[in-house]
Protein chains: 2
Amino acid sequence: MKLQTGEKLDRKSQITELAETFFHERGFLATSMRDLAKGLKIEPASLYSHIKSKDELLWEISNRCAGEFFATVVPVAKSGLNTRGKLTEMIVAHVEVVCRNLRASAVFFNEWKHLAEPRRSEYANKRDEYEGFFRMVIADGIRENLFIHFDERFSARAILSALNWTHTWYRKDGELKPREIGEHLSKILLDGLVRKI
Amino acid sequence: MKLQTGEKLDRKSQITELAETFFHERGFLATSMRDLAKGLKIEPASLYSHIKSKDELLWEISNRCAGEFFATVVPVAKSGLNTRGKLTEMIVAHVEVVCRNLRASAVFFNEWKHLAEPRRSEYANKRDEYEGFFRMVIADGIRENLFIHFDERFSARAILSALNWTHTWYRKDGELKPREIGEHLSKILLDGLVRKI
DNA sequence: GTCTATAGTTTGATAGAC
DNA sequence: GTCTATCAAACTATAGAC
């Protein structure tokens, strides 16, 4: 994603960029190094001057995206907002990261399981840690008698899984802006689909 | 899944059964015919006396599961229940199908895109048709001024994506029964996480 | 219905010239 | 940094003996 002078991506960024697109559209295993090479109009072997392996490519994409989620959402989780406001803003922040990283976040959610060990396990832990911030806020809300009393793991996953499909309907030129999508989703998840009078 | 006399599965069912497990755990592309053969302690070539191809195997699993969703949920969508009750029962019914077909439903949600054409396109249409029943009920609710006024496509997907991760937390020996999971989820989605007093 | 043997592709990755 | 050439392994699927 890093731009060089002249607004052209260097080779490594081109590769990562195209890999994001292909891993998103077809999946990691359905994308071959030959596909990437063909897309960049170079020979497959040339890719290896820029990246070490296909696994590393997946790891770089996933890891950068994971970093964005942590960097954006965790400060909100640690902020002084009240519990309801905090969960709302975490949802909005999460959705904004998804929209800013449409393809990479799909990879983050769907393709990480194809990482080779030990990265796969590290990654699973990282995701659990991330989910933990949502569990924490929900547990707070339950303790404050603000949220209905379900297992916070249950509620956290229900929320995150609703958020994680944003990438299937968000369009850069669509009418809904990321913040609006986030606000709609938190409206449904916090207040429900049913109108309260 | 069909049982023979003596409660033993015939070979074809054994293959389908194991494929469900592997496609679920590792994904379709990450599962080879050799893996299936090894799991059944036969030679890879022997599989082809029972199934025509790997694609057909995926199709059979997905299609049977799709059939279950339609057979279980559509009658509720067409029932005379009021809008709120209908959506609640559709959610419960959907979750019950997921829980009855834990592995196959994961395949239904995550692996169908690896079907070869023309099955892939047929399948995409089928899923859209299924989603349509949820859109319809939501549109009813909006018209009745019962549900908050968002694009019904948006709400339908938010709901379905929250439901579609049931398979990651449901355990046969867990404390939550399928109907309870469905009721919890519809509580969150219809009334929201926030307690109303 | 299961086997051995193998055809025919495709895969990720490397060696080494330029 | 890109190329040609290629390796070694994996893949789906088939042919034909038993």
Side-chain angles (χ1 to χ4, degrees), chain A residues 2-6 8-23 25-62 107 111-120, chain B residues 2-6 8-23 25-62 107 111-120:
Chain A
K2 186 167 34 176
L3 291 176
Q4 263 195 334
T5 52
K8 271 194 59 132
L9 295 170
D10 62 20
R11 257 287 124 87
K12 167 136 193 184
S13 306
Q14 285 176 10
I15 296 171
T16 313
E17 178 72 10
L18 189 62
E20 279 188 17
T21 302
F22 282 4
F23 292 175
E25 288 173 359
R26 325 175 178 181
F28 174 71
L29 290 174
T31 302
S32 70
M33 299 306 275
R34 281 165 174 79
D35 293 335
L36 293 173
K38 199 180 232 176
L40 295 168
K41 297 190 170 79
I42 56 175
E43 292 302 313
S46 307
L47 294 167
Y48 291 91
S49 299
H50 305 279
I51 57 154
K52 246 185 70 184
S53 67
K54 197 188 175 191
D55 186 66
E56 196 187 63
L57 194 50
L58 175 59
W59 184 80
E60 275 187 20
I61 293 172
S62 312
V107 175
E111 306 299 329
W112 66 273
K113 63 179 162 188
H114 297 121
L115 282 167
E117 294 292 1
R119 283 177 178 150
R120 188 192 146 115
Chain B
K2 189 166 35 177
L3 290 177
Q4 264 196 333
T5 51
K8 270 196 62 131
L9 296 169
D10 61 20
R11 256 288 124 86
K12 167 137 191 187
S13 306
Q14 286 176 8
I15 296 171
T16 313
E17 177 71 11
L18 190 61
E20 280 188 16
T21 302
F22 282 3
F23 292 175
E25 289 173 358
R26 324 175 179 181
F28 175 70
L29 290 174
T31 303
S32 70
M33 300 304 273
R34 284 167 171 79
D35 292 335
L36 294 174
K38 199 180 232 179
L40 296 169
K41 296 191 171 82
I42 57 176
E43 291 303 311
S46 307
L47 295 167
Y48 291 91
S49 300
H50 306 279
I51 57 154
K52 248 185 70 186
S53 67
K54 195 187 175 189
D55 187 65
E56 198 187 63
L57 195 49
L58 176 58
W59 184 79
E60 275 186 23
I61 293 172
S62 313
V107 176
E111 306 298 328
W112 65 273
K113 63 179 165 189
H114 296 121
L115 282 168
E117 293 292 0
R119 282 176 177 150
R120 188 192 146 117

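Proteins come first, then strands; the chains are lettered A, B, ... in the order of their sequence lines, and each starts at number 1.
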Rounded to whole angstroms, how far apart are [atom1] on [X] and [atom2] on [N]?
{"X": "B:Glu43", "N": "D:dG16", "atom1": "CD", "atom2": "C1'", "value": "16 Å"}
{"X": "B:Gln14", "N": "C:dG1", "atom1": "CD", "atom2": "P", "value": "12 Å"}
{"X": "B:His114", "N": "D:dC11", "atom1": "NE2", "atom2": "P", "value": "16 Å"}
{"X": "A:Ile51", "N": "D:dT2", "atom1": "CD1", "atom2": "P", "value": "13 Å"}
{"X": "B:Phe22", "N": "D:dC11", "atom1": "CZ", "atom2": "P", "value": "12 Å"}
{"X": "A:Ile15", "N": "D:dT2", "atom1": "CD1", "atom2": "C1'", "value": "12 Å"}
{"X": "A:Leu47", "N": "D:dT2", "atom1": "CG", "atom2": "C1'", "value": "11 Å"}
{"X": "A:His50", "N": "D:dG1", "atom1": "NE2", "atom2": "P", "value": "5 Å"}

N/O contacts under 3.5 Å, protein versus nucleotides 11-13 of chain C?
from   : atom 1 : to      : atom 2 : distance (Å)
C:dG12 : OP1    : A:Lys54 : NZ     : 2.8
C:dG12 : OP2    : A:Met33 : N      : 2.9
C:dG12 : N7     : A:Arg34 : NH1    : 3.0
C:dG12 : O6     : A:Arg34 : NH2    : 3.3
C:dA13 : OP2    : A:Tyr48 : OH     : 3.0
C:dA13 : OP2    : A:Lys54 : N      : 2.9

Just list the side-chain donor-acceptor pairs under 3.5 Å for residues 39-52 of chain A, sequence neighbours left out, or say none.
from    : atom 1 : to      : atom 2 : distance (Å)
A:Ser46 : OG     : A:Glu43 : O      : 3.3

Worksheet item: For D:dC3, does either OP1 or OP2 sit under 4.0 Å from a side-chain N or O belonging to A:Ser46?
Response: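 Yes.
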Worksheet item: Which atoms form the tightest heavy-atom contact between B:Met33 and B:Lys54, and what is the distance?
Response: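 Taking every non-hydrogen atom into account, SD-CG, 3.6 Å.
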Worksheet item: What's the shortest heavy-atom distance between B:Glu60 and B:Lys12, and which atoms?
Response: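 Residues B:Glu60 and B:Lys12, closest heavy atoms: OE2-NZ, 3.0 Å.
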Worksheet item: Any side-chain heavy atom of A:Phe28 sitting closer than 4.5 Å to one from A:Val107?
Response: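 A:Phe28 does not reach A:Val107 side chain to side chain.
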Worksheet item: In this structure, are over 12 heavy atoms from other groups packed under 6.0 Å from A:Lys38 atom NZ?
Response: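 It does not: A:Lys38 NZ has 12 such atoms or fewer within range.
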Discussion item. Run the side-chain contact (heavy atoms from CB on, under 4.5 Å) test on B:Arg119 and B:Leu58 for me, step by step, so that the C-alpha distance in whole Å, both residues' side-chain angles and the decisive distance to 0.1 Å come before the verdict.
Written reply: CA-CA 10 Å; B:Arg119 282 176 177 150; B:Leu58 176 58; over 6 Å; no
